Chemist: 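My structure is below; once you've seen it, I'll send some questions.
Keep in mind the model is a prediction, meaning the values are calculated, not measured.
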Amino acid sequence: MSSEGGHGADAGHGADGGHEDHQGHHQEMAADFRRRFWISLALTLPLLALSPMLRGLAGLPESDLFAAERYVRFLLATVIFFYGGWPFLAGLVDEVRDRNPGMMTLIGLAITVAWVYSSAVVFGLPGRGFYWELATLIDVMLLGHWIEMRSVLGASRALEELVELMPSTAHRLDENDDTEDVPVDELEEGDRVLVKPGEKVPVDGVVVEGRTRVNQAMLTGESRPVEKGEDDEIIGGSINGESAIAVRVTKAGDESYLAQVVELVRSAQASRSRAQDLASRAARWLTFIALGVGAATLAAWLVAGRDFQYALERMVTVMVITCPHALGLAVPLVIAVSTSMGAKRGLLIRDRTAFERARNIDAVIFDKTGTLTEGKFGVDVVEAFGERDADDVLRLAASLESRSEHPIAAGIVRGAEEKGLDLTKPDDFEAIPGKGARARVEGASIAVVSPGYLSEQGTEAPDGVLERLAEGGRTVVFVLEHGEPIGAIALADVIRESSREAIETLRGMGIRPMMVTGDAEVVARAVADRIGIDPEDVFAEVLPDEKAKTVKEVQGRGLRVAMTGDGVNDAPALATADVGIAIGAGTDVAMESADIVLVDSDPRNVVDLVRLSGETYRKMIQNLWWATGYNVVAIPLAAGALYWAGILLNPAVGAGLMSVSTVIVAINARLLERKDVSSGRGTNEDVEEGKEGKE
């Protein structure tokens, strides 16, 4: 349902005026609707108890219980009208000013007519008031808007999360190489800073002293630590490895990489347009119908010879009945149920309109590292050269690397543990900066080193080993015993077991799977080949700030695109895509930039998302038909179309039909829970249903 005008619920990513204003706006609106609902409901209860019509329906005398009863009803209804109905009255003014009548106009018109007419009856106009219809209509509409606000309220903290990636202080070096801790925002181009092992690099710069490896997977998507030496560029926010380095600042403030990412996310969020709400379109037509049929009813009864009071009562009855309670709940109830269903299945829906768009996506672009793969090294191949076998080579290497926190070391140790190998505590452990590590294991001098270290030492591995093991972009390290190679270990980014199944299922639904990564072409194609993505749908060696451009390029082909990723470098692309999906195991910034978060880090949940979106849309359409279909019957009867047959809908019967319509809508929304959308692991029948939902 739409909440347009000054009181609308913009479910998009952002709005002009700043991210914090956008977040605060949604929070204030949710709190305001909640407060108005409870206060209005508290005032409605005594108003219902004093309603002559309801007393009559209960078989009780309709006469006033005490002399001033009608004035008490007037006071209660007036407070409800002005306090509870204020968002709708203000929304009516906004929509009329914008020449875009919708739900607010329909609600505002109905409650205004009901209050004005009923108040006139209290003060002498012959007729029967509509105070209890007025109060319950306001209550239900406030409840619907409150439910809607809670569904769309997922305050985006993406920009704050990006800023928090940067350390607040840096170790600035003076001319004597002494360090001074200063705020990062005081650094200027040309300053030198010291980055200790394990620290985040505070600024973009160039290494001027030292050699190390840096982990920049969360920034660039590269799955492997990148070796950095003198004159190499380094990105602020990346994590330094095993050695201290000195960095000369080249970009500070707004020119830094992260600052540019912040701006990309801000721009993408601000440019997001809001999807037009289905209930708003229904409300717009009902507004015109209410005005047209109401005026026609008044004129027709006057022409038929009835007095003005009778014709006026018929007109008011038509206009009040035209705004059904069910229409206010038709969409919010389905959204509330589907949001709950999604959470139980690991889908956190942060943006409702994007979730609704998911049923129509044509392509899903997956970030490789951390999404289709686990973003960590795993042992792929172990090859022994001498007397020791492959398990022995892996065991010695893992024993040595058990003292290291390097990602390659962690992968080797994990590989040995998965094979159940017993590790030995190493002695005299020593890191070889940028090259590997060495120690004594079981009395032998063991080293795990890079191919570059072997070349520097003039040691050669067996012919063809490096080339063969490095195929597909694998990382190769050599294991040395007393300085001689005894084996080699090839590691690769571990592919998620669920990735191939997710890709196959998406294909069956007519959705095109794609992959984007900052990794080398050979690495990307090797992963794509193993999980079933076509070579032409692989975007490799994509720079961080180009991922959003990749999304736009695919959108330029006329495809509706969902982007799935987990890194900082994915944030602009997530915000640019028609639907942004974050893997929950990723960084907070990726999650906060996304429309939907996959808590379980399972790519198959993308399939579940598309199916749940389709089922939710179908339920919304069904509910809107029920809600507006009530009018097809009620409006002509209220106007007196069948008066000649002795059938004339009075307000009490109209209220009964209104209640039945509301109950049906509520039950139909709950029936969504019986749908099984967890078909990323499902049958061919599920795939066919997915195709139907997309259509």
Side-chain angles (χ1 to χ4, degrees), residues 215-227 362-381 383 407-408 411 450-451 464-477 488-508 511-557 559 561-567 569-570 573 577 581 583 586 601 603-604 606:
N215 184 344
Q216 53 189 41
M218 290 298 102
L219 294 164
T220 66
E222 293 174 273
S223 57
R224 294 174 289 184
V226 180
E227 189 170 326
D362 303 304
V364 178
I365 302 177
F366 290 95
D367 175 61
K368 180 185 77 68
T369 305
T371 304
L372 294 174
T373 68
E374 295 184 6
K376 61 185 180 183
F377 283 106
V379 174
D380 201 18
V381 179
E383 188 165 321
I408 290 179
S450 67
V465 169
L466 178 59
E467 291 77 8
R468 184 176 69 256
L469 294 183
E471 285 182 357
R474 289 180 294 205
T475 296
V476 179
V477 295
I489 302 174
L491 301 98
D493 196 1
V494 179
I495 295 176
R496 295 187 188 277
E497 295 181 2
S498 56
S499 293
R500 173 175 284 278
E501 189 173 345
I503 297 303
E504 290 177 352
T505 309
L506 286 172
R507 285 186 181 280
I511 298 173
R512 191 170 175 178
M514 301 179 175
M515 185 177 75
V516 63
T517 180
D519 264 347
E521 184 85 22
V522 63
V523 177
R525 292 197 178 277
V527 171
D529 182 63
R530 292 174 64 180
I531 62 176
I533 294 180
D534 294 336
E536 62 268 23
D537 290 331
V538 175
F539 302 90
E541 300 179 13
V542 177
L543 296 175
D545 58 349
E546 292 180 347
K547 286 195 175 182
K549 294 179 182 177
T550 301
V551 172
K552 290 180 180 178
E553 176 188 333
V554 177
Q555 290 172 327
R557 303 176 190 174
L559 301 178
V561 179
M563 172 71 193
T564 305
D566 78 326
N569 59 302
D570 301 324
I581 306 169
I583 288 288
S601 299
R604 293 176 298 187
V606 175

Chemist: Using a strict threshold of under 4.0 Å (side-chain N to carboxylate O), is an ion pair present between E553 and R557?
Modeler: yes
Chemist: Assess whether a salt bridge exists between R512 and D534, defined as any Lys/Arg side-chain N lying under 4.0 Å from an Asp/Glu carboxylate O.
Modeler: no
Chemist: Does the side chain of M514 come within less than 4.5 Å of F366's, by heavy atoms?
Modeler: no
Chemist: Is the closest side-chain heavy-atom distance between R507 and I511 below 4.5 Å?
Modeler: no
Chemist: So, T517 side chain and A524 main chain: donor-acceptor pair closer than 3.5 Å or not?
Modeler: no
Chemist: Rounded to the nearest 0.5 Å, what's the gap from CD on E471 to CG on D380? Could you check?
Modeler: 11.5 Å
Chemist: Please give me the minimum heavy-atom distance between L491 and I408, naming the atom from each residue.
Modeler: CD2-O, 3.9 Å
Chemist: When you look at CD of E521, are more than 12 heavy atoms from neighbouring residues, nucleotides or ligands closer to it than 6.0 Å?
Modeler: yes
Chemist: Under a 4.0 Å threshold between the charged nitrogen and the carboxylate oxygen, would D493 count as salt-bridged to R474?
Modeler: no
Chemist: What's the separation between atom CD in E546 and atom CD in E541, rounded to the nearest 0.5 Å?
Modeler: 11.0 Å
Chemist: Measure the shortest side-chain to side-chain distance between I495 and R500 over non-hydrogen atoms and say whether it is less than 4.5 angstrom.
Modeler: no
Chemist: Keeping the roles fixed (side chain from R496, backbone from T371), state whether a donor-acceptor pair exists under 3.5 Å.
Modeler: yes
Chemist: Quick check: do D367 and T564 have side-chain heavy atoms less than 4.5 Å from each other?
Modeler: no
Chemist: Does the side chain of F377 reach to within under 4.5 Å of the side chain of V494, using non-hydrogen atoms?
Modeler: no
Chemist: L372 versus I533: any side-chain heavy-atom pair under 4.5 Å?
Modeler: yes
Chemist: Is it true that a side-chain atom of T505 and a backbone atom of E501 form a donor plus acceptor pair closer than 3.5 Å?
Modeler: yes
Chemist: Nearest heavy-atom pair of I503 and G532: which atoms, and what distance?
Modeler: CG2-O, 3.7 Å
Chemist: Should we say atom CZ of R525 is surrounded by more than 12 heavy atoms from elsewhere, each under 6.0 Å from it?
Modeler: yes
